[in-house]
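Notes follow once the structure below has been shown.
Hydrogens, waters and symmetry mates are skipped; everything else that's a heavy atom, side chains included, is used. When a ligand or atom number is given, it counts from 1 through the structure's own listing order.
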Amino acid sequence: KGDIEFNNVTFGYENHSHVLKAINLSIRAGETIALVGPSGAGKSTLCSLIPRFYEIDDGAVSIDGIDIRAMKQQSLRNQIGIVQQEVFLFNGTIRENIAYGRLDATEEQVWEAARQAHLESMILALPDGLDTFIGERGLKLSGGQRQRLSIARIFLKNPPILILDEATSALDTETETLIQQALERLSHNRTTLIIAHRLATIRHADRIVVVTEEGIEEQGRHEDLIAAGG
Ligand code: ADP
Ligand code: ADP
């Protein structure tokens, strides 16, 4: 569970030329893939095609052999945890935002997820704790707090596919390291892990995929790329 296949995928944003052209990429269940490459090459775009945030122009994206267009949105999203630089939170309490898509979660499980994402001390300092309202008139969270909240969602959801797109970029180094370690533990749990991030944090990747404007350029292990002077 968690195989991902890009088959001849071509995509461009509306009124823009193609960002991804005839991309082929096979990711095996449980594999950790690092996407690297220059800014603007299309790493984030590639990530957001997996949960089908956008419709591709040609080709197919499949999960476990099923074209994602043939899946119900809910069952697709249930299989995928995605953390992006721009975090999507809705108006509601911290508890609701962490337990998003997991309304059956117990108090204990929500706290555990918050603890793993290093949100616990922040929540304990709030007047209403987990029931503090986030939103237009509620608590304003910093970029790092928003990212930690979306990471807490992932710890609670434990999806077979995890996509971290510059997911820890707004965190301080210490928190970043701790969360990285916790996510690596999660990924040993047969999770397919896709990380688009700077090179330093992807030592444990099974494969490095270099995305450039020309397409997917090179694939290999970190050590091989270093040896080749990359
Ligand atoms: P990377 O993640 O490698 O930095 P992106 O996938 O963010 O690259 O961007 C690839 C290209 O698509 C860039 O030229 C960027 O300007 C463009 N792009 C990204 N998001 C959008 C969007 N929502 N609408 C239009 N163009 C976009
Ligand atoms: P839902 O399960 O309700 O779709 P999501 O968090 O996956 O919740 O996304 C909420 C909505 O926002 C979705 O309809 C999705 O299409 C859109 N969305 C979320 N993240 C992005 C993104 N990075 N780019 C474009 N659309 C997004």
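- Protein heavy atoms come within 4.0 Å of atom 21 (C) of ligand 1.
- Counting heavy atoms under 4.0 Å from ligand 1, residue His16 touches it through the side chain alone.
- Residue contacts with ligand 1 include Pro38, since one of its heavy atoms falls under 4.0 Å from the ligand.
- Between Gly37 and ligand 1 there is no heavy-atom distance shorter than 4.0 Å.
- When hydrogens are left out, the protein atom nearest atom 8 (O) of ligand 1 is Gly42 N, 3.1 Å; that is the closest non-hydrogen contact.
- At a heavy-atom cutoff of 4.0 Å, ligand 1 is contacted by both the backbone and the side chain of Thr45.
- Looking at Tyr100 and Leu156, their side chains never come closer than 4.5 Å, going by heavy atoms from C-beta outward.
- Ligand-side atoms of ligand 1 in range of Lys43: 1 (P), 2 (O), 3 (O), 4 (O), 6 (O), 8 (O), range being under 4.0 angstrom from any heavy atom.
- Smallest separation of non-hydrogen atoms from Leu25 and Leu46: CD2-CD2, 4.4 Å.
- Here Ala196 has no heavy atoms under 4.0 Å from ligand 1, in either its backbone or its side chain.
- Inter-residue side-chain proximity for Arg115 and Phe155 is flagged as unmet; no heavy-atom pair is nearer than 4.5 Å.
- For the pair Arg95 and Glu107, the salt-bridge criterion is met [side-chain N within less than 4.0 Å of a carboxylate O].
- Atoms of ligand 1 lying under 4.0 Å from any heavy atom of Ser44, numbered from 1 in the order shown and given with element: 1 (P), 2 (O), 6 (O), 7 (O).
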